[in-house]
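Okay, so here's the structure we're looking at.
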Amino acid sequence: MLYVVRHGQTEWNIETRFQGQQDSPLSTLGQQQAHNSAAYLAGVGIERLYASPLGRAWKTAGVISERIGLDRIADERLMECNFGACEGMTFPEIEEAFPGKTAWRDADRWNRPYPDAESYADVVQRISGFADETLRDALRADGPIICSVAHGMLNRCLVGYLCDWGNDEILNAHQDNDEIFLLTDQGVERIRVPGSSQ
């Protein structure tokens, strides 16, 4: 079994700012979501815990780590999509700085990145090796129980790659901050963490 966790809500999530590989602190709700995820995961028997080294995911994984008594393993391939020059901006700010760029990207979000950024295709390429080397065994019926803590876009690409989703399915598979993807040999399930709310 593979539990794919998104970090708790951040201040920039509230402000709808692109975080990418920059960071913003967990909000009060985000801290509670991290604790709620940890409480939910405490009884599932996790054997390995991987996390993005970016602060918001690393802190969320730290709460889980402390609760289950298992060290976090950082891997840079779990870092969120690099949004380049648009990191820290809202959509209106991006449009002001780069007129027409959002519409240009939206016409082919899979292949077209923001300036100096990664595309969805780039992120899938980056995560594929980690997924195959480290996580795929967890999908076997007799495989290890693994937890991975990362980010919204990264997680969509990771789950989509492991489950052979098409591009459109990956593009549209939103994951809330209090939602966990559970992958098994039977497929993928969405779990809303008890006690959390958006």
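Numbering of residues begins at 1 and proceeds along the displayed sequence. Scope of the values below: all heavy atoms of this structure, side chains included, with no hydrogens, waters or symmetry mates.
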Does the pair Val188 and Val4 meet the rule for a side chain to side chain contact (heavy atoms under 4.5 Å, CB included), with working shown? CA-CA 10 Å; Val188 60; Val4 179; over 6 Å; no
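- In this structure, Tyr3 has its ring center no closer than 6.0 Å to that of Phe181.
- Between Glu118 and Arg126, at least one side-chain N (NZ, or NE/NH1/NH2) sits under 4.0 Å from a carboxylate O, which counts as a salt bridge.
- A salt bridge does not link Asp106 to Arg112: none of the charged side-chain nitrogens sits closer than 4.0 Å to a carboxylate oxygen.
- Checked by atom type and distance alone, the side chain of Arg67 never pairs as donor or acceptor with a backbone atom of Ala42 at under 3.5 Å.
- In this structure, Gln33 contributes its side chain and Gln9 its backbone to a donor-acceptor pair below 3.5 Å.
- Considering every non-hydrogen atom in both Ser52 and Met79, the closest pair reads OG-CA, 3.6 Å.
- Between Phe18 and Tyr114, some side-chain heavy-atom pair lies under the 4.5 Å cut-off.
- Of the residues Asp122, Ile170, Leu162, the one that meets the side chain to side chain contact (heavy atoms under 4.5 Å, CB included) test with Cys157 is Ile170.
- A salt bridge does not link Arg140 with Asp185: none of the charged nitrogens is closer than 4.0 Å to a carboxylate oxygen.
- Here Arg156 does not pair with Glu169 in a salt bridge; the nearest charged N to carboxylate O distance is not below 4.0 Å.
- Counting heavy atoms from C-beta outward, His151 and Gln19 have side chains that stay 4.5 Å or more apart.
- Scanning both residues, Glu80 and Arg56, for their nearest heavy atoms gives CB-NH2, 3.6 Å.
- For the pair Glu93 (side chain) and Thr90 (backbone), a donor-acceptor distance under 3.5 Å is present.
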